[in-house]
Amino acid sequence: MNSKAPSNSVVHEAIDERQHVRTRIPAKAVLQGPTGTQLKCDVQDISLGGIGLECSEPLNVGSLYSITIELGLNHIEMSLKAQVKVVNQTDDQVGAQFIDLDPQKADILRYVISAYMTGDIADINGLFNVMQRENYIKERKQKYSPRRSPLQRIQAAAGTLVFMLVGILALGYVVNKAYQLFFRIPAAQATVQTQTHIISMPENGNVSLLLPEGTQSVTKGQPVASISTQLSTQLTSPADIAAAMELAPAGLAGLLERTTVETVIASPCDCTLFYPDGQVEGFNYKGAPLVHLLPVDTPMFISASVPYERLEKLMRTREVQIRVYGDSNSMTGHIQSASLDKDAGMVTLKIKPDSPISRESYLRPVWVEFYLGLPGITTNPALARLF
């Protein structure tokens with residue numbers, strides 16, 4: 001048997017902070033040292049990790065001893081043998097640690113400790129001990145100062161402020177999205193419009209612009225374009241055929257041949273020019289737009305389309321917000337008229353802006369949003385008359 005074991009640093013902890021539960025139990029212990037001498041001691045407390053003894057004889061700290069623990073509970077005698085190492089001794093109080101406690105003995109000792117702590121087995125002193133025991137684990141003692149430094153107070157206040165701002169921003173975002181969902185209708189599409197004269201090709205033919213390059217506006221009666229087309233003769237009824245039979249051969253030949261017709265188109269007003277496809281000259285097809293003439297004395301307006309199923313909500317419109325593409329500033333407006341496009345299932349609204357729109361914005365896309373009032377309370381009388 002080894003008489004000495006490597007000395008380890010021992011950490012003293014409170015009873016409710018140890019690794020294993022330690023309890024007081026009525027028992028005796030017999031220690032047998034390296035020389036074979038036996039020493040009887042009283043057991044103060046015991047756990048799976050070690051045992052507390054009351055011995056009058058001095059022991060060598062760090063030495064190994066064989067121990068026999070004799071338990072006497074409810075007239076039942078139980079003996080448990082193990083190896084212990086003495087870790088400390090103060091007067092007659094000895095602390096020892098179990099060395100290589102085999103699993104079977106550890107299970108027996110665990111059961112005895114658990115049964116004794118729950119009161120399943122106890123003598124009169126153990127019963128009082130169970131009744132007085134605190135049935136909770138205390139918080140591990142930590143040494144810290146409850147006073148905070150100025151820097152810690154500033155950090156705590158800054159953290160609280162940051163979290164509060166984040167919460168306010170999140171709440172504002174949710175409220176804004178809910179407001180836009182229930183109290184806002186965006187237009188499906190919208191463009192800048194005005195009362196326009198559109199010059200288009202009457203037939204397939206050649207077109208020649210009569211304006212100097214870079215001209216932006218024309219006056220009333222000023223020639224704009226020259227269109228050259230061929231006049232086709234069509235005989236569509238018996239009367240047409242009978243009339244053609246009465247013509248002389250020379251006249252009939254002239255009638256059936258394709259005749260070229262030259263047409264000069266003049267401006268009907270003092271207008272600004274807008275070329276939808278650029279200044280196109282040469283051959284062009286029937287119906288192709290050549291130039292839009294925008295009267296200078298006619299204001300611009302917004303043409304917006306809204307799905308027909310939202311027509312009832314439009315009655316609650318209290319404000320119309322407009323922003324033309326390419327312009328960072330938004331403006332308000334009001335609805336002037338409404339019409340129904342049955343084929344598309346859309347309601348077309350004519351919106352007059354409260355601020356003038358430049359003529360350069362003609363046919364540009366526009367963001368239009370209709371802000372609504374409370375349902376069942378807010379109704380726009382002017383819109384009620386329109387719809």
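The figures here come from the full heavy-atom set of this structure, side chains too, leaving out hydrogens, waters and symmetry mates.
- Within 6.0 Å of the CD atom in Q195, the count of heavy atoms belonging to other residues, nucleotides or ligands does not exceed 12.
- Contact annotation: the side chain of S358 never approaches that of M300 to less than 4.5 Å [non-hydrogen atoms, C-beta and beyond].
- For the pair I99 and V84, the tightest heavy-atom approach, listed with the atom from each and the gap, is CG1-C, 4.1 Å.
- Applying the ring pair (Phe, Tyr, Trp, His ring centres under 6.0 Å) test to F274 and every residue at least two apart in sequence or in another chain returns H292, Y362.
- Here the side chains of L293 and L273 are in contact, with some heavy-atom distance below 4.5 Å.
- Not a single donor-acceptor pair under 3.5 Å links the side chain of K81 to the backbone N or O of S66.
- Legend: salt bridge (charged side-chain N to carboxylate O under 4.0 Å, His left out) pairs involving residues 300-314, not counting sequence neighbours: none detected.
- For D91, the CG atom sits in a loose shell: 12 or fewer heavy atoms of surrounding residues, nucleotides or ligands are nearer than 6.0 Å.
- Residue Q104 places its CD atom among 12 or fewer non-hydrogen atoms of other residues, nucleotides or ligands, all under 6.0 Å distant.
- Between S63 and V86, the closest side-chain pair of non-hydrogen atoms is not below 4.5 Å.
- Checked by atom type and distance alone, the side chain of D327 pairs as donor or acceptor with a backbone atom of N329 at under 3.5 Å.
- Between C55 and L39, the closest side-chain pair of non-hydrogen atoms falls below 4.5 Å.
- Sorted pairs that involve residues 273-289 and meet side chain to side chain donor-acceptor pair (under 3.5 Å), not counting sequence neighbours, are lacking altogether.
- When all heavy atoms of F182 and R316 are compared, the pair lying nearest together is O-NH2, 3.9 Å.
- Using modelled atom types, no side-chain atom of Q193 and backbone atom of S303 make a donor-acceptor pair closer than 3.5 Å.
- Looking at I51 and F98, their side chains come closer than 4.5 Å, going by heavy atoms from C-beta outward.
- Listed by first then second residue, pairs satisfying salt bridge (charged side-chain N to carboxylate O under 4.0 Å, His left out) with a partner in residues 352-370 read R184-E369, not counting sequence neighbours.
- For the pair L290/V224, no side-chain contact is recorded, criterion being any heavy-atom separation below 4.5 Å from C-beta on.
- Annotation for M331 and S355: closest pair SD-O, 3.7 Å, computed over non-hydrogen atoms.
- Here the closest heavy-atom approach between residue L109 and residue S47 is recorded as CD2-O, 3.6 Å.
- Evaluation of the salt bridge (charged side-chain N to carboxylate O under 4.0 Å, His left out) test over residues 215-226, restricted to residues two or more places apart or in two chains, returns none.
- The backbone N or O of E319 lies less than 3.5 Å from no partner atom in the side chain of T317, so there is not a single donor-acceptor pair.
- P353 approaches F301 most closely through the heavy-atom pair CD-CA, 4.1 Å.
- Listed by chain and residue number, K28 satisfy the side-chain hydrogen bond (donor to acceptor under 3.5 Å, both in side chains) test with D42 (two or more places apart in sequence, or in another chain).
- Contact detail for I227 and P202: the closest heavy-atom pair is CD1-CD, 3.8 Å.
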